[in-house]
2 protein chains.
Amino acid sequence: MGKGYGDCSLEVTRACPIEMTLHIIGGKWKGIIIDILSEKSVRFNELKRLIPGITQRMLTLQLRELETDGIVKRKVEDTVPPKVEYSLTDQGENLSRILESMRVWGNKYYK
Amino acid sequence: MGKGYGDCSLEVTRACPIEMTLHIIGGKWKGIIIDILSEKSVRFNELKRLIPGITQRMLTLQLRELETDGIVKRKVEDTVPPKVEYSLTDQGENLSRILESMRVWGNKYYK
DNA sequence: CTGCATCCTCGCCGATACTG
DNA sequence: CAGTATCGGCGAGGATGCAG
């Protein structure tokens with residue numbers, strides 16, 4: 001008895017944890033976002049500065065998805081100007097270790 | 001002195017091993033393909049049978065990409081009818097361990 | 001500073017038919 | 001059995017502008 005893909009029947013993508021995990025970190029900018037947040041909490045604009053090339057729109061969208069998936073926490077200080085700090089949840093921390101192993105693999109892969 | 005995303009300058013996607021690894025396993029069917037091949041070598045049609053919903057076109061394309069990226073080996077027996085066996089390279093085997101950790105994480109995540 | 005609303009492009013992927 | 005060829009939809013993501 002293996003992992004039973006035959007049992008996934010119809011919706012393979014939904015049914016299998018691997019596909020689900022891939023979907024969660026699969027967004028174009030999610031890898032780098034999680035990786036940065038694994039080091040420290042970061043504010044929105046600082047995050048934008050740390051990720052050259054990302055647009056405000058995409059940063060917002062990807063953060064919202066990560067928040068919905070329970071990977072990222074959002075802490076709002078209701079001041080003027082507003083101040084929003086993003087950080088990883090516990091699940092996000094665990095996920096970041098997988099990304100770390102991907103970095104190790106990628107570095108070896110690239111010789 | 002962290003991991004230095006600030007040093008990625010222009011093309012973040014190309015420069016960072018995490019993004020590269022994500023790109024390699026990011027195809028819609030690559031996760032399940034690698035996962036199946038981590039158990040045993042499989043022929044083309046058997047693979048197609050094991051992945052409900054995939055088309056011949058996509059199976060071919062994804063296998064070609066995985067082959068190009070050095071994840072999958074292709075062994076052709078030049079007989080009639082033809083017989084093609086797919087298996088993982090050593091790099092593919094290492095990569096499959098990361099997928100395994102993603103399965104573990106995904107299962108916990110889903111409770 | 002931190003967002004949301006629109007519009008538009010581009011390439012991944014699906015459906016289908018054909019081949020050695 | 002193991003592919004290739006062609007057509008087309010659809011959605012992720014980019015550019016830009018406005019708002020609290």
Side-chain angles (χ1 to χ4, degrees), chain A residues 8 10-14 16 19-34 36-37 41-69 71-87, chain B residues 10-14 16 19-20 22-34 36-37 40-69 72-87:
Chain A
C8 284
L10 293 178
E11 307 185 333
V12 179
T13 300
R14 296 277 174 69
C16 299
E19 308 299 328
M20 193 198 62
T21 307
L22 271 175
H23 179 256
I24 289 177
I25 60 180
K28 181 168 182 185
W29 306 95
K30 289 181 183 174
I32 191 172
I33 289 175
I34 295 172
I36 291 175
L37 292 183
S41 298
V42 180
R43 294 179 57 181
F44 185 85
N45 260 11
E46 191 182 356
L47 208 42
K48 183 171 182 321
R49 221 174 17 79
L50 289 172
I51 309 177
I54 198 172
T55 61
Q56 284 191 347
R57 170 193 151 80
M58 283 315 296
L59 183 52
T60 302
L61 286 178
Q62 303 270 302
L63 283 170
R64 286 291 174 279
E65 288 188 21
L66 289 172
E67 200 187 349
T68 300
D69 290 332
I71 309 303
V72 155
K73 273 178 298 193
R74 186 165 174 269
K75 195 174 87 184
V76 183
E77 280 181 37
D78 211 348
T79 57
V80 177
K83 177 174 174 179
V84 182
E85 281 233 342
Y86 291 94
S87 58
Chain B
L10 293 177
E11 306 183 335
V12 179
T13 300
R14 297 276 174 72
C16 299
E19 309 300 326
M20 192 197 64
L22 272 174
H23 180 255
I24 288 176
I25 61 181
K28 181 168 182 184
W29 307 94
K30 289 181 183 176
I32 192 173
I33 290 175
I34 295 173
I36 291 175
L37 292 184
K40 60 178 192 317
S41 299
V42 179
R43 294 178 57 179
F44 185 86
N45 263 8
E46 192 182 355
L47 208 42
K48 183 172 182 324
R49 224 175 13 81
L50 289 172
I51 308 177
I54 198 172
T55 60
Q56 283 192 346
R57 169 193 153 81
M58 282 316 296
L59 183 52
T60 301
L61 285 179
Q62 304 270 305
L63 283 170
R64 287 290 175 278
E65 289 188 19
L66 289 172
E67 200 187 348
T68 300
D69 289 331
V72 155
K73 272 178 298 193
R74 187 165 173 269
K75 196 175 86 183
V76 183
E77 279 181 38
D78 209 349
T79 57
V80 178
K83 178 175 177 179
V84 182
E85 281 234 343
Y86 290 93
S87 58

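Order of the sequence lines sets the chain letters (A, B, ...), proteins ahead of strands, with each chain counted from 1. All values below come from the heavy atoms of this structure, side chains included, with hydrogens, waters and symmetry mates left out.
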| task | For the residue pair A/Leu59 and A/Ile33, establish whether any side-chain heavy-atom pair is separated by less than 4.5 Å. | result |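 A side-chain contact exists here, since the closest heavy-atom pair is under 4.5 Å.
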Could you tell me how far apart [X] ([atom1]) and [N] ([atom2]) are, to the nearest whole angstrom?
X: A/Ile33; N: D/dG13; atom1: CD1; atom2: C1'; answer: 13 Å
X: A/Glu46; N: C/dT2; atom1: CD; atom2: C1'; answer: 14 Å
X: A/Arg49; N: C/dC1; atom1: CZ; atom2: P; answer: 10 Å
X: A/His23; N: C/dC12; atom1: NE2; atom2: C1'; answer: 14 Å
X: A/Met58; N: C/dA5; atom1: CE; atom2: P; answer: 15 Å
X: A/Asn45; N: C/dC1; atom1: CG; atom2: P; answer: 5 Å
X: B/Leu22; N: C/dC12; atom1: CG; atom2: C1'; answer: 17 Å
X: A/Glu65; N: C/dC4; atom1: CD; atom2: P; answer: 12 Å

| message | Need one value for A/Gln62: base, sugar-phosphate or nothing, where a base atom within 4.0 Å counts as base even if backbone is also close, heavy atoms only. | response |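 A/Gln62: backbone/sugar contact only, no base atoms under 4.0 Å.
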| message | Categorize B/Thr60 for me: base, sugar-phosphate, or nothing, with a 4.0 angstrom heavy-atom threshold over every strand shown. | response |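 B/Thr60: base contact, heavy atoms under 4.0 Å.
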| Among A/Arg43, A/Glu67, A/Lys73, A/Arg74, which residue meets the side-chain hydrogen bond (donor to acceptor under 3.5 Å, both in side chains) test with A/Tyr86? |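 For A/Tyr86, the side-chain hydrogen bond (donor to acceptor under 3.5 Å, both in side chains) check succeeds only for A/Arg74.
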Residue [X], side-chain atoms from C-beta onward, closest of [options]:
X: A/Pro82; options: C/dG3, D/dG13, C/dC1; result: C/dC1
X: A/Arg57; options: D/dG3, D/dG14, C/dG14; result: D/dG14
X: B/Gln56; options: D/dG14, D/dA2, C/dG3; result: D/dA2
X: A/Phe44; options: D/dG3, D/dG14, C/dG3; result: C/dG3
X: B/Arg64; options: C/dT6, C/dC13, D/dG3; result: D/dG3
X: B/Pro81; options: D/dA2, D/dC1, D/dA5; result: D/dC1
X: B/Trp29; options: C/dT2, C/dG14, D/dG13; result: C/dG14
X: B/Arg43; options: D/dC1, D/dG13, D/dG3; result: D/dC1

| query | Which pair of non-hydrogen atoms, one from A/Leu66 and one from A/Ile24, has the smallest distance, and what is that distance? | reply |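 Shortest heavy-atom contact: CD2-O, 4.0 Å.
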| request: Identify the heavy atoms of A/Gly31 and B/Glu19 that sit nearest to each other, and give their distance. | output: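 Answer, listing the atom of A/Gly31 first, then B/Glu19: C-OE2, 3.8 Å.
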| query | Would you say B/Lys48 reaches D/dC1's phosphate, i.e. side-chain N/O to OP1/OP2 under 4.0 Å? | reply |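 Negative; the distance criterion is not met.
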| query | Does the side chain of A/Tyr86 get closer than 4.0 angstrom to OP1 or OP2 of C/dC1 through an N or O atom? | reply |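 Answer is no, no contact under 4.0 Å.
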| query | To the nearest 0.5 Å, what is the distance between CG (A/Leu63) and CH2 (A/Trp29)? | reply |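 Here the rounded value is 12.5 Å.
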